[in-house]
Amino acid sequence: MELIDVMLKRRSTRKFTDEPVAKDELDKILQAALLAPTSMNRKPCNFMVVERKETLDALSKSKNHGADLIKGADKAIVVVGDAMVADTWIEDSSIALTYMHLMATELGLGSCWVQIHLRDKDGEDSEQIVRDILKIDEHYRIVGIMALGHSNDIPKAHTLDDIDKNKIHFLV
Ligand SMILES: Cc1cc2nc3c(=O)[nH]c(=O)nc-3n(C[C@H](O)[C@H](O)[C@H](O)COP(=O)(O)O)c2cc1C
């Protein structure tokens, strides 16, 4: 697919089938994550691939709204930015999440970004909840999780007519 077609087809998908994501598909998504640019090439992100149903279930309860879909995913990739390696962990993690989202689309898979940073579960910090599930230290920061799976329910592709050109301002 041309890159513009991948961008149009990329939709947040929240329902998945039971068909497993194949190893070569997962490899390509992780390659995309590792190809993402990082500030000063510091590469602060690690990618934790979650497949166990119990762990997917626990992650799906890590915030009040918008994480339930992880329960039905075949896999989730938690992007873990090391704040001791780079102060740009938010930016670097976000680009990696975006690259994975686009590669999943290219492969015909469903995927969805689940925000963790700045979110909470009944007042408890969602990042800390996820760190506890993964048993990792506090300097590891979690912008979000990419939920992944095959799907019969990928929303319709965007079209170029959907884009809001009023957001573009040419300065004279
Ligand atoms: C920073 C960010 C955080 C998001 N967090 C969530 C989330 O926690 N749960 C969810 O279901 N979707 C989440 N999404 C998906 C957005 O809701 C979605 O991208 C937006 O509604 C546009 O739809 P589309 O992705 O299908 O084009 C997030 C997307 C971004 C970029």
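Computation of the quantities below employed the complete heavy-atom set of this structure, encompassing side-chain atoms and omitting hydrogens, waters and symmetry-equivalent molecules. Ligands are counted one by one from 1 in listed order, and the atoms in each one are counted from 1 as well. Nothing here was measured: the structure is a model prediction, and the numbers come from that model.
- Taking E127 as the reference, R131, R141 meet the salt bridge (charged side-chain N to carboxylate O under 4.0 Å, His left out) condition, with sequence neighbours excluded.
- With sequence neighbours left out, K75 forms a side chain to side chain donor-acceptor pair (under 3.5 Å) with E51.
- A donor-acceptor pair shorter than 3.5 Å cannot be found between the side chains of Q31 and D27.
- Here K63 contributes atom NZ and I116 contributes atom CD1; the two are 5.5 Å apart, rounded to the nearest 0.5 Å.
- For the pair H101/S12, a side-chain contact is recorded, criterion being any heavy-atom separation below 4.5 Å from C-beta on.
- Under the side chain to side chain contact (heavy atoms under 4.5 Å, CB included) criterion, N166 pairs with D164, not counting sequence neighbours.
- Within 4.0 Å of ligand 1, protein heavy atoms belong to R10, R11, S12, R14, K63, G66, L69, C112, W113, V114, Q115, H158, listed by chain and number.
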